[in-house]
Amino acid sequence: MATDDFMLPCMNKSIFGFDCLGCGTQRALLLIFKGEFSEAFYMFPAIYTTILFFLILAFHFVDKSRNYHKIIIGLAITNAVIMIVSYFYKYSNL
């Protein structure tokens, strides 16, 4: 059984017929686990900032002595910008 069989389908794609901003995240994460780092970036360009975002978010919940709010907000904005730019780039180059 392939690992693709266990991935969640994109509800936006299944209902409306086109990708959402986060389409490719699961496959990119799987590619990172396989060691295919550049392919993961091409699948979902915001994958590395997303991973960094969730790591910093985990530190925020574990380490209460430091203030991670500015870093979390900055990474969230960076992620959003990368996702939006790559989404429009993807559809403008079809």
Quick one: [atom1] on [X] to [atom2] on [Y], what's the gap to the nearest 0.5 Å?
X	Y	atom1	atom2	answer
Thr49	Leu75	OG1	CG	7.5 Å
Phe41	Ser86	CZ	OG	8.0 Å
Lys90	Met83	NZ	CE	11.0 Å
Ile73	Ile56	CD1	CD1	13.5 Å
Thr25	Ile47	OG1	CD1	6.0 Å
Thr78	Leu52	OG1	CG	9.5 Å

Should [X] and [Y] be regarded as members of a common hydrophobic cluster, given that ILVMFWY residues are connected when their side-chain heavy atoms come within less than 4.5 Å of each other, either directly or indirectly?
X	Y	result
Ile77	Ile84	no
Ile82	Leu55	no
Phe37	Phe54	no
Phe59	Ile71	yes
Met43	Phe33	no

Determine yes or no for a side-chain-to-main-chain donor-acceptor pair under 3.5 angstrom, with Gln26 supplying the side chain and Leu8 the backbone.
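Looks like yes, one N/O pair under 3.5 Å.
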
Measure centre to centre between the rings of Tyr91 and Tyr87, then say whether the value is under 6.0 Å.
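Distance test on ring centres: under 6.0 Å, yes.
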
Verdict with reasoning, Ile72 to Leu57, per side chain to side chain contact (heavy atoms under 4.5 Å, CB included)
CA-CA 7 Å; Ile72 291 170; Leu57 197 62; 3.7 Å; yes

Please tell me if the side chains of [X] and [Y] come closer than 4.5 Å, counting only heavy atoms from C-beta onward.
X	Y	result
Ser14	Pro9	no
Leu31	Phe44	no
Ile32	Ile51	yes

Does the plane of the ring in His60 sit parallel, tilted or perpendicular to the ring in His69? Use 30° and 60° as the thresholds.
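Perpendicular, since the angle between the ring planes exceeds 60°.
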
So, for Ser38 and Tyr48, which heavy atoms are closest and what is the spacing to 0.1 Å?
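Taking every non-hydrogen atom into account, N-OH, 4.5 Å.
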
Is it the case that atom CZ in Phe53 sees more than 12 heavy atoms from other parts of the structure closer than 6.0 Å?
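Check passes, neighbour count above 12.
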
